[in-house]
Amino acid sequence: MSLTIRNKLPGTITAITPGEAMAMVDVHLTGGQDLTAAVAPSAVEELGLTEGTAVNALVTATHISVTTAPTEEGLPLLNRLPGTVTGIATGGAMASVSIAVEGGALTAAVTRDATTDLALSPGVPVVALIEATEVALTTA
């Protein structure tokens, strides 16, 4: 299967919390970070997801926000992956920001103004912010 999603982080499921509307799936990424995905309960069943299952966490570039400021732990359903900017490609209104994270890389699509406002350039430490509802899982 080919996908247009550029961001693929491998990991292993460490816990699944079932729910009627969404199941919360905790994934320990091979880079050492932890990520939570909110997925449909039917997907957990159809994919045969259990603790110990190897998965890939998929996130589209437009669903990754970038900050240079410390983040609050109390923000709900928000994954935080620290990293470093490795490159920026700017267009008329949008920019593609490449970020190195432990064990992988991410690409975030942000506004061109955001790159200026955050003073993003290669070498700048950032935190990639991803809502749990924006993380899709595939079995590895």
Side-chain angles (χ1 to χ4, degrees):
M1 166 178 31
S2 297
L3 298 171
T4 59
I5 298 174
R6 291 184 267 184
N7 298 302
K8 180 172 99 171
L9 299 168
T12 303
I13 294 176
T14 57
I16 299 175
T17 305
E20 288 192 33
M22 300 295 275
M24 303 306 290
V25 181
D26 295 328
V27 178
H28 185 71
L29 302 175
T30 57
Q33 314 91 325
D34 292 308
L35 189 75
T36 299
V39 300
S42 59
V44 172
E45 184 177 318
E46 289 168 13
L47 292 172
L49 301 180
T50 61
E51 287 185 30
T53 301
V55 294
N56 288 305
L58 307 172
V59 184
T60 59
T62 54
H63 290 127
I64 298 175
S65 297
V66 178
T67 184
T68 56
T71 60
E72 296 289 327
E73 285 299 318
L75 297 174
L77 303 179
L78 196 58
N79 294 295
R80 297 163 194 79
L81 298 177
T84 304
V85 174
T86 58
I88 299 175
T90 57
M94 297 295 291
S96 179
V97 180
S98 299
I99 303 166
V101 296
E102 289 293 324
L106 295 172
T107 300
V110 300
T111 64
R112 186 175 178 165
D113 289 345
T115 64
T116 302
D117 293 347
L118 294 172
L120 297 180
S121 64
V124 171
V126 294
V127 177
L129 305 171
I130 308 164
E131 287 194 41
T133 54
E134 302 301 341
V135 178
L137 298 175
T138 64
T139 53

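Bear in mind the structure is a predicted one, so any value in this text is a computation, not a measurement. Below, all heavy atoms of this structure are taken into account, side chains as well, without hydrogens, waters or symmetry copies.
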Visitor: Of all heavy-atom pairs between Gly19 and Pro41, which one has the smallest distance, and what is that distance?
Guide: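 The answer is O-CG, 3.1 Å.
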Visitor: Any side-chain heavy atom of Leu129 within less than 4.5 Å of one from Arg80?
Guide: yes
Visitor: Taking all non-hydrogen atoms of both residues, which atom of Val66 and which atom of Ala108 are closest, and how far apart?
Guide: CG2-CB, 3.7 Å
Visitor: Checking the side chain of Asn7 only, and the main-chain atoms of Thr107 only, is there a donor and an acceptor separated by less than 3.5 Å?
Guide: yes
Visitor: Looking at Gly91, is its backbone amide N or carbonyl O close enough to the side chain of Arg112 to form a donor-acceptor pair, meaning the two atoms are under 3.5 Å apart?
Guide: yes
Visitor: Let me confirm one number: the CD1-CE distance from Ile16 to Met24, rounded to the nearest 0.5 Å.
Guide: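 Separation between the atoms: 12.0 Å.
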Visitor: Evaluate the side-chain proximity of Thr68 to Leu120: yes if any heavy-atom separation is below 4.5 Å, no if none is.
Guide: yes
Visitor: Output, in order, the C-alpha distance, side-chain angles, deciding distance and verdict of side-chain contact (heavy atoms from CB on, under 4.5 Å) for Val39 and Val44.
Guide: CA-CA 7 Å; Val39 300; Val44 172; 3.7 Å; yes
Visitor: Less than 4.5 Å apart, side chain to side chain, heavy atoms only: is that true for Pro10 and Asn56?
Guide: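 Contact flag for Pro10/Asn56 side chains = yes.
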Visitor: To the nearest 0.5 Å, how far apart are CG in Leu106 and NZ in Lys8?
Guide: 13.5 Å
Visitor: Treat each ILVMFWY residue as a node, draw an edge where side-chain heavy atoms are under 4.5 Å apart, and state whether Val27 and Met22 are in one component.
Guide: no
Visitor: Please step through side-chain contact (heavy atoms from CB on, under 4.5 Å) for the pair Met94 and Thr111, ending with a clear verdict.
Guide: CA-CA 4 Å; Met94 297 295 291; Thr111 64; 4.1 Å; yes
Visitor: To the nearest 0.5 Å, what is the distance between CG on Asp117 and OG1 on Thr115?
Guide: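 Answer for the CG-OG1 pair, Asp117 versus Thr115, is 8.0 Å.
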Visitor: CD1 of Ile5 to CG of Leu58: how many Å apart, nearest 0.5 Å?
Guide: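 It comes to 5.0 Å.
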Visitor: Show the nearest heavy-atom pair for residues Arg6 and Ala61, with the distance to one decimal.
Guide: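 Scanning both residues completely, I find the closest heavy atoms to be NH2-CB, 3.7 Å.
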Visitor: For Gln33, is there any backbone N or O sitting under 3.5 Å from a side-chain donor or acceptor partner on Glu102?
Guide: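 Checking the backbone N and O of Gln33 against the side chain of Glu102, no donor-acceptor pair under 3.5 Å is found.
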Visitor: If you look at every heavy atom in Ala100 and Thr86, which pair is closest and at what distance?
Guide: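 Closest approach of Ala100 to Thr86, heavy atoms only: CB-CG2, 3.6 Å.
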Visitor: Does any non-hydrogen side-chain atom of Leu81 lie less than 4.5 Å from one of Ile130?
Guide: yes
Visitor: Of Thr138, Leu49, Leu9, which meets side chain to side chain contact (heavy atoms under 4.5 Å, CB included) against Val55?
Guide: Leu49
Visitor: First locate atom NE2 of His28, then atom CG of Leu35, and finally report the distance between them rounded to the nearest 0.5 Å.
Guide: 11.5 Å
Visitor: Which heavy atom in Thr62 sits nearest to a heavy atom in Ala109, and how many Å separate them?
Guide: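 So the two residues come closest at CG2-CB, 4.0 Å.
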Visitor: Could you tell me which non-hydrogen atom of Ala57 sits nearest to which non-hydrogen atom of Leu137, and how far apart they are?
Guide: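 Scanning both residues, the minimum pair turns out to be CA-CD2, 3.9 Å.
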